[in-house]
Amino acid sequence: MEICDIINETEEGPKDALRAVKKRIVGNKNFHEVMLALTVLETCVKNCGHRFHVLVASQDFVESVLVRTILPKNNPPTIVHDKVLNLIQSWADAFRSSPDLTGVVTIYEDLRRKGLEFPMTDLDMLSPIHTPQR
């Protein structure tokens with residue numbers, strides 16, 4: 001949560017955070033570290049604001065970081081593969097109605113058209129991405 005507070009405090013916070021997460025994920029053969037970075041990323045999406053969402057939901061980030069991580073040539077373990085697909089799917093569902101966040105929706109639909117199967121999600125177990133205002 002401290003990371004989320006830092007991201008939200010500064011103007012460059014979202015860009016800096018995404019750059020750091022990307023550095024931990026792309027090309028990293030230590031898949032335990034990749035899983036930790038994906039967990040931090042998921043936490044930030046759920047607790048940071050719109051500025052962070054715009055960067056994470058962009059086609060460029062989703063393709064060059066997340067999809068690239070699960071390419072067969074990288075031989076990711078099933079847990080990493082499923083985590084990435086779960087993130088893409090949940091973000092696509094959450095951001096579908098926001099015009100400036102539809103990059104992830106485009107990638108999700110493209111992957112489904114190509115025949116990629118997404119893991120089943122238990123919607124009751126997921127915490128919301130958009131926390132309602134009090």
Rounded to the nearest 0.5 Å, what's the gap from [atom1] on [X] to [atom2] on [Y]? Could you check?
{"X": "Ser58", "Y": "His53", "atom1": "OG", "atom2": "NE2", "answer": "13.0 Å"}
{"X": "Ile7", "Y": "Cys44", "atom1": "CD1", "atom2": "SG", "answer": "3.5 Å"}
{"X": "Lys22", "Y": "Leu66", "atom1": "NZ", "atom2": "CG", "answer": "10.5 Å"}
{"X": "Lys46", "Y": "Glu42", "atom1": "NZ", "atom2": "CD", "answer": "4.0 Å"}
{"X": "Phe95", "Y": "Thr102", "atom1": "CZ", "atom2": "OG1", "answer": "11.0 Å"}
{"X": "Leu38", "Y": "Thr69", "atom1": "CG", "atom2": "OG1", "answer": "7.0 Å"}

> Counting only N and O atoms by type, is there a donor-acceptor contact under 3.5 Å from the side chain of Asn74 to the main-chain atoms of Ile70?
Replying inline: no
> Crowded around Leu55 CG? As in, over 12 foreign heavy atoms under 6.0 Å?
Replying inline: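 Correct, the count exceeds 12.
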> If you count the non-hydrogen atoms of other residues, nucleotides and ligands that lie under 6.0 Å from CG in Leu116, is the total more than 12?
Replying inline: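 More than 12 heavy atoms, drawn from other residues, nucleotides or ligands, come within 6.0 Å of this atom.
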>> I'd like to know whether Val84 forms a side-chain contact (heavy atoms from CB on, under 4.5 Å) with Ile88, so could you lay out the CA-CA distance, the side-chain angles of the two residues, the decisive distance to 0.1 Å, and finally the verdict.
In response: CA-CA 6 Å; Val84 167; Ile88 292 171; 3.9 Å; yes
> Minimum heavy-atom separation for Gln59 to Gly103, with atom names?
Replying inline: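 Where Gln59 meets Gly103 most closely, the heavy atoms are CG-O, 3.3 Å.
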> What's the shortest heavy-atom distance between Thr43 and Cys4, and which atoms?
Replying inline: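 Reported closest heavy-atom pair: O-SG, 3.9 Å.
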Kindly list each side-chain donor-acceptor pair under 3.5 angstrom involving residues 108-115, sequence neighbours excluded, with atom names and distances?
unit_1	atom_1	unit_2	atom_2	d
Tyr108	OH	Gln89	NE2	3.4
Tyr108	OH	Arg112	NH1	3.2
Glu109	OE2	Arg96	NH1	2.8
Asp110	OD2	Lys114	NZ	3.4

> In the single-linkage hydrophobic clustering (I, L, V, M, F, W, Y; side-chain heavy atoms under 4.5 Å), do Ile79 and Leu41 co-cluster?
Replying inline: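 They do share one cluster, since a chain of ILVMFWY contacts under 4.5 Å joins Ile79 to Leu41.
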> Partners of His50 by side chain to side chain donor-acceptor pair (under 3.5 Å), sequence neighbours excluded?
Replying inline: Asp100
>> Any carboxylate oxygen within less than 4.0 angstrom of a Lys/Arg side-chain nitrogen, looking at Glu63 and Arg68?
In response: no
>> Going by side-chain hydrogen bond (donor to acceptor under 3.5 Å, both in side chains), name the pairs with one or both residues in residues 6-15, residues two or more places apart or in two chains.
In response: none
> Does Thr39 reach the side chain of Lys83, with side-chain heavy atoms less than 4.5 Å apart?
Replying inline: yes
>> Is any side-chain heavy atom of Met35 closer than 4.5 Å to one of Val80?
In response: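 A side-chain contact exists here, since the closest heavy-atom pair is under 4.5 Å.
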